[in-house]
Amino acid sequence: MARVLVVGSDMQGERALLQRLRSAAALTADAVSTCRDLDECDLLVIRDTPALRNAALRMVRERPRIQFWIEDQLGQLREGEHDNGRVLDDAAIEHALRHMVDSAPVASIDEPCTARGAKAITRALRESLNTRQGHAVLALDGTAQVMIDFVQDQMVVAAGVPAEHLAQDLSDAFESLSLHGISARRYQELAGERTRQPLRPLLWQWGQRPNHWQDLDARLLRHARVKLLRWPDFRVLGRQHDSFRLCSLLLKRACSVDECAALLDVSGDAVRSFVHPAYLCGYAALEAVPQDAAPLRGTPAAGGGTLLARMWRSVRQRSGA
């Protein structure tokens, strides 16, 4: 993140300048933000007056890492270290800001590890999602990747972590990740002014990756029944018709993968691809099958179709789905 301290402009002028910087560098809003503390900023921009120029020069000489620009009377941005410094075009602005973003210090984590590895992290996430208490950070090799607010059901991607393929990257590194409990104050320090995002959509995308579900699948193969505790966030379901059907069924009664597949006329793989993320998100729980449990009434013979499955197909055909 590039942190900018603007001096000498009103709020409207400050917002316009920030938007100009973001546009010139093609950076998102959370990559360039305002800063109120000179010791924490990366870039100081002032309106061009003699008093402000002299004061700014004294301040940046004591802080050589800070870049200093001047917005002149024509609205042009200039290098501030010298009189009549060169005008900065969009290319120069982009180069400078991207260097600030790329060189921003990563957040190291000193708090004790709460869980490490796929199985322990999954268990810890489910417990905290259920209680909706506390804050945590997912770290890789001691470096923050994602800050989590279980109270607000939100998350923040750490500075310097690419967000485009985050779910896949977390899945790939699942066994190497560690989860650290942190205070609310520490969460705010790490998150800063970065954009808060809903937590469950990230967990759902993460859970849809097929890696690291061997233990869960082993329980499903032993005919453990899946019970949905509540409707998932509709943003995670999108237009996945089979997922809506599974939700409707599993909210009413717990079923094994085979029972879901038979009742809804879907493949076992489709059921498991729903159960994995639902379990990680804390929407679903598993129930062991009693030894004397009778087969689920209404389970069809091989190749047959149930009334429920036929009803779903009829609804989809009428709706053109």
Side-chain angles (χ1 to χ4, degrees), residues 1-4 22 27-37 39-42 100-209 212 232-233 235-236 277 280-283:
M1 179 190 298
R3 294 160 297 185
V4 184
R22 291 167 184 149
L27 291 168
T28 58
D30 60 346
V32 182
S33 66
T34 57
C35 178
R36 300 303 176 199
D37 189 337
D39 290 321
E40 294 181 359
C41 79
D42 303 299
M100 294 176 201
V101 171
D102 293 340
S103 61
V106 295
S108 59
I109 303 303
D110 300 322
E111 286 80 1
C113 176
T114 304
R116 188 182 302 276
K119 188 173 181 179
I121 289 176
T122 298
R123 184 186 303 114
L125 286 174
R126 285 171 49 79
E127 289 174 356
S128 296
L129 287 165
N130 182 50
T131 61
R132 298 198 66 164
Q133 293 180 356
H135 299 76
V137 57
L138 276 167
L140 179 62
D141 298 327
T143 300
Q145 304 295 300
V146 179
M147 283 72 74
I148 300 174
D149 179 351
F150 293 110
V151 180
Q152 299 296 327
D153 215 354
Q154 294 179 338
M155 65 93 177
V156 178
V157 182
V161 174
E164 185 177 1
H165 305 293
L166 181 58
Q168 184 63 60
D169 292 341
L170 291 174
S171 177
D172 292 342
F174 208 160
E175 290 295 347
S176 301
L177 292 173
S178 57
L179 186 71
H180 305 254
I182 57 176
S183 67
R185 179 176 180 179
R186 179 64 170 147
Y187 171 82
Q188 296 296 338
E189 290 175 353
L190 291 171
E193 297 183 12
R194 299 183 67 79
T195 302
R196 273 61 171 170
Q197 302 176 49
L199 173 60
R200 309 282 178 139
L202 171 66
L203 295 181
W204 190 273
Q205 294 173 37
W206 180 1
Q208 286 181 312
R209 272 58 183 181
H212 312 293
D233 186 327
R235 287 170 294 191
V236 308
L280 178 63
C281 289
Y283 292 131

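Each residue takes its place number in the sequence, starting with 1.
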Among residues at least two apart in sequence or on other chains, which ones pass side-chain hydrogen bond (donor to acceptor under 3.5 Å, both in side chains) with D153?
R200
Output the distance between atom OG1 (T195) and atom CD (Q154), rounded to the nearest 0.5 Å.
11.0 Å
CD of Q145 to CG of L170, rounded to nearest 0.5 Å, is 7.0 Å
On a heavy-atom basis, which atom in T114 and which in G181 lie closest, and how many Å separate them?
OG1-N, 3.0 Å
Residue pair A158 / A144: nearest heavy atoms and the distance that separates them
CB-O, 3.4 Å
Please report, to 0.1 Å, the donor-acceptor pairs under 3.5 Å made by any side chain of residues 129-140, with sequence neighbours excluded.
residue, atom, partner, partner atom, Å
T131, OG1, E127, O, 3.2
T131, OG1, S128, O, 3.4
R132, NH2, V151, O, 3.1
H135, NE2, D149, OD1, 3.3

Shortest non-hydrogen contact from R194 toward V156
CB-CG1, 3.5 Å
Are M155 and L202 packed together at the side-chain level, in the sense that at least one heavy-atom pair is separated by less than 4.5 angstrom?
yes
Does some side-chain heavy atom of Q152 sit less than 4.5 Å from a side-chain heavy atom of R196?
no
When T34, V32, D42 are each screened for side-chain contact (heavy atoms from CB on, under 4.5 Å) with V4, the one that passes is V32
What closest approach, in Å, do A118 and H212 show between heavy atoms, and which atom pair accounts for it?
CB-CB, 4.0 Å
What orientation do Y283 and W204 show, parallel under 30°, tilted 30 to 60°, or perpendicular over 60°?
tilted
In terms of heavy-atom contacts, S33 and R22 come closest through CA-NH2, 4.3 Å
Enter the distance from H165:NE2 to S171:OG here, rounded to the nearest 0.5 Å.
14.0 Å
First locate atom CD1 of I121, then atom CZ of R123, and finally report the distance between them rounded to the nearest 0.5 Å.
11.0 Å
Provide the closest heavy-atom pair for P277 versus Q208 in the form atom of the first, atom of the second, distance.
CG-CG, 3.8 Å
I need the L125 CG to C281 SG distance, nearest 0.5 Å.
9.5 Å
Going by the salt bridge (Lys or Arg N to Asp or Glu O under 4.0 Å) test, which pairs reach into residues 165-185, not counting sequence neighbours?
R185-E189
